[in-house]
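These numbers come from a predicted model, not from an experiment. The analysis underlying the following values was restricted to heavy atoms, covering all of them including side chains, and did not include hydrogens, waters or symmetry mates. Letters go in sequence order (proteins before strands), and every chain restarts at 1.
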Amino acid sequence: MPELPEVQTIAAGLNKYLPNLQFAAVSCDTPKLFPNDPDLVNMHLLGSQVRQVSRRGKAIIIDLNTGYSLVIHLKMTGQLIFVSPEMRDKIPEQMPGRFTHIIFAFTDGSHLYFNDQRKFGWIKLMPAEEVWELKFLKEMGPEPLMEAFNEKYFAEKLKRRQMAPIKAVILEQKVVAGVGNIYADESLFLSGILPSRSAGSLKPKEVKALCANIKKVLAYSIELGGSSRKDYVNAIGQKGDYLDEAYVYGRTGQPCRHCDSPIEKTKVAGRGTHFCRHCQK
DNA sequence: CACTTGACCTGTCCGC
DNA sequence: TGCGGACAGGTCAAGT
């Protein structure tokens, strides 16, 4: 489900509601989604209070006042939905729902639901200082909206990935954090580059444009609250609007917004890939 | 090392 | 209406 703009929206939403709430109980019907030692959970999660909620790439991190943190990855279909007693009659769907697998209860009567249709996601409890030792976080590339992700860095990375399709390279979290299938297609469209082009074939001007357009499309989607294909909702269950504005993603057969040619769909790097043959070379 | 493919799960959608 | 197959926003392990 979620790429950077969606995870950003969820983390920001949670950060509005969770700080200072105290964990009262946790239940889970699918242990692999919450692979934590019950003793650790009792000692460091239950009774603890939330300090803050943040994001790195597509991971969500909830820091606790016990020096422990919850690290969360939603993968394809994960959702995190917060429901307070006052909100309960206003939420779009009944919670817990059909796909709710983990429930956190807080002492004030509110709840945080982890839903995941495909059960790929997970939540790990660990000491805060170990979070950044997690392999995937340690190796993660720069945040695309920060200055560290710039033309020079990007060109340098691409040098080592001459043969791979450019789309495969920007999907790689070690190269740049947070880009997924939707924003890969969108940023390549805005840059006029076919997703199947080898990374090594990009001219300096194209590298520069792609770097800028990754930033642009992610920032714009954050403004619109992210993309909702089917599963994505924010921390209080609302959908995002980016896909109403999308250039190519999910628009197979519809006219290109720039030239009216039909948007085509193929497979690149094993993923469904949308592009305009006329606007992208 | 660079790159590709399959696996993880389950639901939905499309074509016959 | 029913059924099989393809596909789905992410990542990792194992393969070439």
Side-chain angles (χ1 to χ4, degrees), chain A residues 1-10 29-35 55-60 71-80 93 97-102 114-124 134-141 156-188 195-201 214 217-218 221-222 224-234 239-253 265-274:
Chain A
M1 112 196 219
E3 305 180 31
L4 187 148
E6 294 75 40
V7 177
Q8 170 71 35
T9 304
I10 292 167
D29 69 2
T30 310
K32 74 160 209 156
L33 304 188
F34 192 74
R55 173 194 69 74
R56 171 78 172 101
K58 299 174 193 170
I60 293 170
V71 181
I72 304 169
H73 204 302
L74 301 169
K75 292 288 182 85
M76 303 273 259
T77 49
Q79 300 178 327
L80 273 178
E93 284 193 55
R98 190 175 165 204
F99 301 121
T100 300
H101 297 296
I102 304 172
F114 179 86
N115 306 332
D116 192 351
Q117 182 206 114
R118 289 172 76 179
K119 301 183 184 175
F120 288 172
W122 46 258
I123 301 184
K124 287 179 184 147
L134 286 170
K135 189 163 173 288
F136 84 102
L137 286 177
K138 208 169 181 172
E139 295 177 351
M140 191 174 277
E156 202 57 39
K157 276 285 166 185
L158 294 189
K159 270 189 200 164
R160 319 261 171 258
R161 306 294 304 277
Q162 292 288 298
M163 287 302 148
I166 184 61
K167 173 163 176 178
V169 179
I170 60 177
L171 285 173
E172 185 124 10
Q173 303 300 295
K174 291 174 189 176
V175 173
V176 55
V179 177
N181 205 35
I182 295 175
Y183 303 106
D185 283 1
E186 294 289 288
S187 59
L188 285 163
S196 54
R197 289 261 303 278
S198 68
S201 75
I214 286 172
V217 78
L218 292 174
S221 183
I222 290 171
L224 296 182
S227 294
S228 291
R229 187 172 175 270
K230 27 189 320 221
D231 299 314
Y232 170 71
V233 289
N234 69 14
K239 293 179 178 302
D241 295 325
Y242 180 81
L243 288 188
D244 298 339
E245 311 278 320
Y247 292 96
V248 289
Y249 184 85
R251 299 193 64 242
T252 312
K265 185 172 183 187
T266 55
K267 196 165 256 202
V268 174
R271 316 295 305 276
T273 296
H274 312 74

A.B. asks: Is it the case that atom CD in E93(A) sees more than 12 heavy atoms from other parts of the structure closer than 6.0 Å?
C.D. replies: no
A.B. asks: Anything under 4.0 Å to a heavy atom of chain A counts; send over the first and last such nucleotide of DNA chain B, read 5' to 3'.
C.D. replies: dA2(B) to dT12(B)
A.B. asks: Can you sort out the partners of R55(A) under salt bridge (charged side-chain N to carboxylate O under 4.0 Å, His left out), two or more places apart, ordered by chain and number?
C.D. replies: E143(A)
A.B. asks: Looking only at atom types and distance, does a side-chain atom of T77(A) sit under 3.5 Å from a main-chain N or O of R118(A), one as donor and one as acceptor?
C.D. replies: yes
A.B. asks: The criterion is salt bridge (charged side-chain N to carboxylate O under 4.0 Å, His left out); which residues satisfy it with K267(A), sequence neighbours excluded?
C.D. replies: none
A.B. asks: To the nearest Å, how far apart are Q79(A) CD and dG9(C) P?
C.D. replies: 16 Å
A.B. asks: Would you classify P165(A) as touching base, sugar-phosphate or nothing, given that sugar-phosphate means primed atoms plus P, OP1 and OP2, and contacts are heavy atoms under 4.0 Å?
C.D. replies: sugar-phosphate
A.B. asks: Between the side chain of K75(A) and the main-chain N/O of D116(A), is any donor-acceptor distance below 3.5 Å?
C.D. replies: no
A.B. asks: Give a yes or no on whether the backbone of I182(A) and the side-chain of E3(A) come within a donor-acceptor separation of less than 3.5 Å.
C.D. replies: yes
A.B. asks: Would you say dG10(C) has OP1 or OP2 under 4.0 Å from some side-chain N or O of H73(A)?
C.D. replies: no
A.B. asks: Output all residues satisfying ring pair (Phe, Tyr, Trp, His ring centres under 6.0 Å) with Y249(A), sequence neighbours left out; order by chain, then residue number.
C.D. replies: H274(A)
A.B. asks: Please measure how far the P atom in dT11(C) lies from the corresponding atom in dG11(B), and state the result in whole Å.
C.D. replies: 22 Å
A.B. asks: So, does K75(A) get its side chain near the phosphate of dT11(C), meaning an N or O under 4.0 Å from OP1 or OP2?
C.D. replies: no
A.B. asks: When the P atoms of dC3(C) and dC9(B) are compared, how many Å lie between them, rounded to an integer?
C.D. replies: 26 Å
A.B. asks: Expressed as a whole number of angstroms, how long is the span from L4(A):CG to dG10(C):C1'?
C.D. replies: 14 Å
A.B. asks: Could you note down all residue pairs passing salt bridge (charged side-chain N to carboxylate O under 4.0 Å, His left out) where residues 165-184 of chain A supplies at least one of them, sequence neighbours left out?
C.D. replies: E139(A)-K174(A), R161(A)-E172(A), K167(A)-D185(A)
A.B. asks: Rounded to whole Å, how long is the line connecting atom NZ of K124(A) with atom C1' of dT11(C)?
C.D. replies: 11 Å
A.B. asks: How close or far is atom C1' of dC12(C) from atom CD of Q173(A), stated in whole angstroms?
C.D. replies: 12 Å
A.B. asks: For D241(A), check side chain to side chain contact (heavy atoms under 4.5 Å, CB included) against everything at least two apart and list the hits.
C.D. replies: L224(A), D244(A)
A.B. asks: Answer yes or no: is there a side-chain heavy-atom contact under 4.5 Å between S221(A) and E245(A)?
C.D. replies: no
A.B. asks: Taking the side chain as every heavy atom from C-beta outward, state whether K119(A) and L33(A) have any atom pair closer than 4.5 Å.
C.D. replies: yes
A.B. asks: Less than 5.5 Å between centroids and less than 30° between ring planes, does F120(A) satisfy that with dG10(C)?
C.D. replies: yes
A.B. asks: Kindly state each residue pair satisfying ring-ring contact (aromatic ring centres under 6.0 Å, His included) with at least one member in residues 163-183 of chain A, sequence neighbours excluded.
C.D. replies: Y183(A)-Y242(A)
A.B. asks: Tabulate protein N/O versus nucleotide N/O from nucleotides 13-16 of chain C, keeping only pairs under 3.5 Å, one per line.
C.D. replies:
none

A.B. asks: Give the dot-bracket line for DNA chain C from 5' end to 3' end: parentheses for intra-strand Watson-Crick or G-U pairs under 3.5 Å, square brackets for crossings, | for inter-strand pairing, dots for unpaired.
C.D. replies: .|||||||.|||||||
A.B. asks: Between dG5(C) and dA7(B), how far apart are the two P atoms, rounded to whole Å?
C.D. replies: 16 Å
A.B. asks: By nearest heavy atom, map R98(A) and K32(A) onto DNA chain B; which one lands nearer the 5' end?
C.D. replies: K32(A)
A.B. asks: What's touching nucleotides 6-8 of chain C from the protein side, N or O pairs under 3.5 Å?
C.D. replies:
| residue | atom | partner | partner atom | Å |
| --- | --- | --- | --- | --- |
| dA8(C) | OP1 | K265(A) | NZ | 2.8 |
| dA8(C) | N3 | R118(A) | NH1 | 3.3 |

A.B. asks: Which of the following nucleotides, dC12(C), dG9(C), dT11(C), is nearest to the side chain of F136(A)?
C.D. replies: dC12(C)
A.B. asks: Please report, rounded to the nearest Å, how far the P atom of dT11(C) is from the CZ atom of R56(A).
C.D. replies: 12 Å
A.B. asks: Whole angstrom is fine here: how far is it from CD1 in I10(A) over to P in dG9(C)?
C.D. replies: 16 Å
A.B. asks: Report the residues that fulfil side chain to side chain contact (heavy atoms under 4.5 Å, CB included) with T100(A), sequence neighbours left out, ordered by chain and then residue number.
C.D. replies: M95(A), P96(A), I103(A), Y113(A), N115(A)
A.B. asks: Taking only residues two or more places apart in sequence, or in another chain, which ones meet Y247(A) in a ring pair (Phe, Tyr, Trp, His ring centres under 6.0 Å)?
C.D. replies: F189(A), H258(A)
